[in-house]
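A note on names: the letters A, B, ... follow the listed sequences, proteins ahead of strands, and every chain is numbered from 1.
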Amino acid sequence: MPQLLPGRLKRRSDFLRLAASGRKIVRTGFVLQALKDVSASDSTSVAPVRLGFTATKKLGNAVIRNRAKRRLREAARLVLAERNAQGMELVLIGRRETGSMDFAKLRQNLAQALDEALHEVST
RNA sequence: CCAGACGGUUGGACGGCCGCUGGCAGGUGCAAAAUCCUGCUGGAGGAAAGUCCGGGCUCCACGGAAAAACGGUGCCGGAUAACGUCCGGCGGGGGUGACCCCAGGGAUAGUGCCACAGAAAACAAACCGCCUUGGUCCGCCAAGGUAAGGGUGAAACGGUGCGGUAAGAGCGCACCGCCUCUUUGGUAACAGAGAGGGCAGGGUAAACCCCACCGGGAGCAAGACCGAAUAGGGGCGGCCGGCGUUGUGUGCUGGAGCCUGAUCGUCCGACAUUUAGCGCCGCUUGCGCGACAAUGGAGGGCGUGAAUCAGUCUCCCAAGUAUACGAACGCGGAGGUUUUCCGGCUCGCCGCCCGGGUUGGUUGCUUGAGGCGGGUGGUAACAUCCGUCCCAGAGGAAUGGCCGUCCAGCGCCCGCUCGCUUCAGUGAGGGGGGUGUGGACAGAACCCGGCUUACAGACCGUCUGGAUUU
């Protein structure tokens, strides 16, 4: 089946909703918040997975924050390509080690966390 | 070669796989837009940072200008769109020097302040002193003169020397400094020279202040356009609708008025009847005419004061009545709040149209005081001319993620050369081999000119001081 292109979460209200009621999974390199997209659950069309990224000022200056977001975005792109996460809303929050840790490890952690989140939501 | 001063350039290179975003071309679509696919091509900085100055641009305010207030700037000249920036000078200070630093207008407009110490901190005074005179119990005391010396301080009323004097003092003189005037050079800041003045005018304006000059405010989240759903606003049409009160419209009754008619009043009045009288006869109770008057009277004229009736029309809506109306209120009803009660809330429904406006979208948005190369003018900042180039435009915010090879740089090991020295070590050097490590500060957000701050290093040029060789 054709994988729909992932959409983006952009509004502050979306992030707050995920933070309040999403499933929260902490791993080295990131914090994952996942939630089933309620707005699209009853419709017949398949909803694309929606992604959001957060890097707070705690991480450092703009260069460090942007690098953390870019690495998370790339890891998510690779991990989501081999999974079906349709109808999910995901938020990835950068941590202090996101920009410097080994990328393969980051990708592996994300895959595990995502599988766990998918399992939890589906049951 | 060492040490240093100043200015400039640069801010790792190459490749592979996978992505993001702008543009162009082609394909997909009847076509436009959008989407998707393919190819080509562009895609962070010297500070993109801090947001400290100055401008462009946009909106708002404002009649022009000035003043006041507030804020800023502050030697002179130039550059510039402008600046608190830059360039060239001047003055002061530092350095052997190349060079560097300066918040550098006014203290003779006025007000204030100057801690501690010191006798005294700005207006003249005198703690220790020095000198003269007088006194003396020989310790010194009193009066006067003086400001050279001592002491305090960041700073003490020009400095040094000679003369002078009781001791002293710009008291006099010379030089230096200062002030005023004149003059020379310079656009000017200022510098030089001369004359005069015995010297006034302590510091602080990064205290108030004075003077000169500059400044309207807010910012691309400016501003402009398009505009979904929902709610709300306005208009039109259709449909349904309980009761009461009020309101509004309409009809009738009603009220008022004009006009007309009738009634009425008055006048005229044909005509009719009656009558005096007259005429005629056929002379019986016959026929004809018939004044005045009376009565009746068709009809006509006039009449407004009032009244009555009818009608048309107009006006009014106090009252009555009927009817219409989603206009108001109340009741009822319905909806919904899980159920019941109470309370509160909402209430025509449907359709169409209009306007405002939020999320959102488009625009502003990158061709500009533009970059590069060269010529000309200028000591320079810079100006100008010619040629050439188009060089990021995101929007929870693209310009990347991962990997490999290499180049600087740094560390370690092996070997080499030279020096020292107890045959074992130690120091220095260049560069050969191996190996590990490894690239700073930092991310455009409308755009420019600056300033400030951060920064691993690498390279180039000019100059200064020192050493060595010839």
Strictly by Watson-Crick or wobble contacts shorter than 3.5 Å, is anything paired with B:C406, and which nucleotide is it? B:G12
Pairwise P distance, B:G237 and B:G361 [rounded to whole Å]: 41 Å
Counterpart base for B:A454, defined by Watson-Crick or G-U wobble contacts under 3.5 Å: none
Searching all strands shown, indicate the nucleotide that pairs with B:C446 (Watson-Crick or G-U wobble; both distances under 3.5 Å). B:G56
What is the distance from CG of A:Asn61 to P of B:G45, rounded to the nearest Å? 18 Å
For B:C83, the Watson-Crick or wobble partner whose two distances fall under 3.5 Å: none
Return the pairing partner of B:C175 with a 3.5 Å limit on both distances, Watson-Crick or G-U wobble; otherwise return none. B:G159
Syn or anti conformation of B:C391, syn meaning chi within 90° of 0: syn
With C1' as the reference atom in both, quote the distance from B:A126 to B:A169 in angstrom, rounded to an integer. 15 Å
Determine if the base of B:G29 is syn or anti; take syn to mean the glycosidic torsion is within 90° of 0. syn
B:G396 and B:G54, which share atom name C1', separated by this distance in whole Å: 34 Å
Can you tell me how far P of B:G19 sits from CZ of A:Arg70, to the nearest Å? 18 Å
If the C1' atom of B:C130 is compared with that of B:U108, how far apart are they to the nearest Å? 38 Å
Can you list the steps and then say if A:Arg70 with A:Asn66 is a side chain to side chain contact (heavy atoms under 4.5 Å, CB included)? CA-CA 6 Å; A:Arg70 284 197 305 263; A:Asn66 285 345; 3.9 Å; yes
Is there a path from A:Val63 to A:Phe103 through hydrophobic residues (I, L, V, M, F, W, Y) whose side chains come within less than 4.5 Å of each other? no
Between B:G110 and B:U132, how many Å separate the two C1' atoms, rounded to a whole number? 47 Å
Take the protein atom CG of A:Leu72 and the nucleotide atom P of B:C402, then report the distance between them rounded to whole Å. 11 Å
5'-most contact on RNA chain B: A:Arg77 or A:Glu74, nearest heavy atom basis? A:Arg77
A:Arg27 meets the side-chain contact (heavy atoms from CB on, under 4.5 Å) criterion, sequence neighbours left out, with A:Ile25, A:Phe30, A:Asn109, A:Gln112, A:Ala113, A:Glu116
Is any side-chain nitrogen or oxygen of A:Arg65 closer than 4.0 Å to OP1 or OP2 of B:G443? no
Comparing A:Ile64 and A:Leu78 on RNA chain B - which has the more 5′ nearest nucleotide: A:Leu78
Using Watson-Crick or G-U wobble geometry with both distances under 3.5 Å, which nucleotide pairs with B:A33? none
Can you tell me the distance, in whole Å, between the CZ atom of A:Arg67 and the P atom of B:A398? 15 Å
Whole-Å gap separating P (B:G401) and NZ (A:Lys69): 14 Å
Could you check B:U28 for me: syn (within 90° of 0) or anti? anti
Let's test this: given Watson-Crick or G-U wobble pairing with both distances under 3.5 Å, identify the partner of B:C289. B:G277
For the pair made of CG in A:Asn66 and C1' in B:A398, what is the distance, rounded to whole Å? 11 Å
What integer number of Å spans the C1' atoms of B:G233 and B:A256? 48 Å
Quick one: look up who B:U462 pairs with, Watson-Crick or G-U, both distances under 3.5 Å, and put none if it's unpaired. B:A5
Give me syn or anti for B:A44, where syn covers glycosidic angles within 90 degrees of 0. syn
Would you mind reading off the distance between A:Phe30 atom CZ and B:G401 atom P, rounded to a whole angstrom? 19 Å
Using the C1' atom on both, measure B:C347 against B:G242 and round to a whole Å. 15 Å
Taking side-chain contact (heavy atoms from CB on, under 4.5 Å) as the definition, give me every residue that meets it alongside A:Arg95, ordered by chain and number, with sequence neighbours left out. A:Val26, A:Val31, A:Glu97, A:Thr98
Would you indicate, yes or no, if B:C18 has its OP1 or OP2 atom less than 4.0 angstrom from a side-chain nitrogen or oxygen of A:Arg73? no
Side chain to side chain contact (heavy atoms under 4.5 Å, CB included) evaluation trace for A:Leu80 with A:Leu114: CA-CA 9 Å; A:Leu80 285 174; A:Leu114 190 59; 3.6 Å; yes
Rounding to the closest angstrom, what is the interatomic distance between B:A68 and B:G105 at atom C1'? 24 Å
Using whole Å, what does the distance between atom C1' of nucleotide B:C403 and atom CZ of A:Arg107 come to? 13 Å
